[in-house]
Amino acid sequence: KLYPASTTKILTALVVMEKCQLTDKAKVSSKAISLVPDGYSNANLKVGEEIDIKTLLYALLIPSANEAANVLAEHVSGSVEEFANLCNTRAKELGCENLHFVNPNGIHNSDHYCTAYDLYLIAKECQKYDVFNEIVKTTSFTVPATNIYTKNDRTFKNTNYMILPNYKSYYYEYCTGIKTGTTTPAGECLVASSSHNNIDLISVVLGGGTNSKGLS
C-alpha cells in the first residue's frame with residue numbers, strides 16, 4: 001500500500017465518465033475551492049462558474065486541478081465524502097483489493113492509499129472511453145471562458161513529460177498518457193501507457209525519487 005497522490009484522479013475520471021454525460025454542466029462551489037490546501041495544483045476555477053463535464057475532465061487530468069476533482073465529486077454525489085465512498089465501491093468491483101480513498105484528488109491523507117496494481121486495473125478500465133484516451137495524450141489545454149470568468153487565459157501544459165517532445169530526457173514517442181502525481185509523502189508517481197506494433201502497455205510507478213542524472 002502506497003500513497004497515489006494525483007494518480008487518484010484516474011478513478012475520479014472513471015466514475016464521472018460512468019455517471020455523467022459529457023455535456024452536463026456542474027457548478028463550482030466555494031467549498032470545492034476551499035478544500036484545496038495552498039500549494040496544490042488548480043485550474044483557477046471561480047465560484048459560480050458553470051462548466052461542462054468534458055471541460056472539467058480536461059482540467060482534472062491535464063493541469064491536475066484539485067478543485068475540478070471536488071466540483072465533479074459534488075456534482076456526482078453531493079459531497080466529496082460520498083463520492084469517495086462511491087469510488088471505493090467501484091474500485092472493489094474492478095478487483096482492487098488494497099485501495100481506500102477519502103477524496104477525489106489525492107490530497108495527502110494517511111488513510112488514502114492503494115497499490116500499483118490497483119491503479120493498473122483502474123487505468124485499463126478508463127481506456128474503454130475514447131474521451132479519456134483523447135484527454136490524457138493532450139499536451140495543453142485552455143479552460144474556455146464562462147459565465148463568471150470571461151477571459152481565455154487559463155492555459156495549462158500536461159504534467160506528463162513523456163508525451164511532450166521538448167522534454168527529450170523523458171519523451172517517448174509511443175506514450176499515450178496517462179497521469180502524474182506528486183506529494184512529499186507519495187513521492188513521484190506516474191501511471192503511463194504506450195501503444196506500438198499492436199502491443200498496449202500500462203506501467204505504474206509509485207514512491208519514485210530522483211536518479212543520478214537528476215531525473216525524477
Drop me the distance from Y120's OH to I10's CD1, to the nearest 0.5 angstrom. 13.0 Å

Do T159 and T180 have side-chain atoms, one donor and one acceptor, less than 3.5 Å apart? yes

Heavy-atom closest contact (E82 atom, S79 atom, distance): N-OG, 3.1 Å

Between K157 and T139, is any pair of side-chain heavy atoms under 4.5 Å apart? no

pair L99-N88: side-chain heavy atoms closer than 4.5 Å: yes

Min side-chain heavy-atom separation L56-H75 under 4.5 Å: no

Side-chain heavy atoms of Y40 within contact of T183, under 4.5 Å: yes

Do the side chains of F83 and V16 get nearer than 4.5 Å, heavy atoms only? yes

Under a 3.5 Å cutoff, is there a donor and acceptor pairing between the side chains of T176 and S195? no

Would you check if V191 and I202 make a side-chain contact, meaning some heavy-atom pair closer than 4.5 Å? yes

If only side-chain N and O atoms count, and only distance matters, is there a donor-acceptor pair under 3.5 Å linking N160 with K137? no

Does atom CD of E50 have more than 12 heavy-atom neighbours from other groups under 6.0 Å away? yes

With sequence neighbours left out, the residues meeting salt bridge (Lys or Arg N to Asp or Glu O under 4.0 Å) with R90 are E18, E93, E125

Which pair of heavy atoms, one from D118 and one from E97, lies closest together, and at what distance? OD1-N, 3.4 Å

Quick one: which of N70, T8, T12 gives a side-chain hydrogen bond (donor to acceptor under 3.5 Å, both in side chains) with N105? N70

Is it true that, when you exclude Y171 itself, more than 12 heavy atoms of the residues, nucleotides or ligands shown sit nearer than 6.0 Å to its OH? yes

Counting C-beta onward and ignoring hydrogens, is there a side-chain heavy-atom pair between D200 and S193 closer than 4.5 Å? no

Can you say whether the rings of Y170 and Y161 are parallel (under 30°), tilted (30 to 60°) or perpendicular (over 60°)? perpendicular

Please answer whether the main-chain N or O of D111 pairs with a side-chain N or O of N109 as donor and acceptor at a distance below 3.5 Å. yes

For residues F101 and V76: do they belong to one hydrophobic cluster (side chain heavy atoms under 4.5 Å, members Ile, Leu, Val, Met, Phe, Trp, Tyr)? yes

Does L119 reach the side chain of K179, with side-chain heavy atoms less than 4.5 Å apart? no

Heavy-atom closest contact (N66 atom, S6 atom, distance): OD1-OG, 4.4 Å

Of the options L72, N147, L45, which is the one that meets I51 in a side-chain contact (heavy atoms from CB on, under 4.5 Å)? L45

How would you list all residue pairs meeting side chain to side chain donor-acceptor pair (under 3.5 Å) that involve residues 24-37, not counting sequence neighbours? S29-E74

Might you point out which heavy atoms bring K46 and I148 nearest each other, and give the distance in Å? CB-CG2, 4.0 Å

Heavy atoms of L206 and C114 approach each other most closely as CD1-O, 4.4 Å

Shortest non-hydrogen separation from V36 to E67 and the atoms involved: CG2-N, 3.6 Å

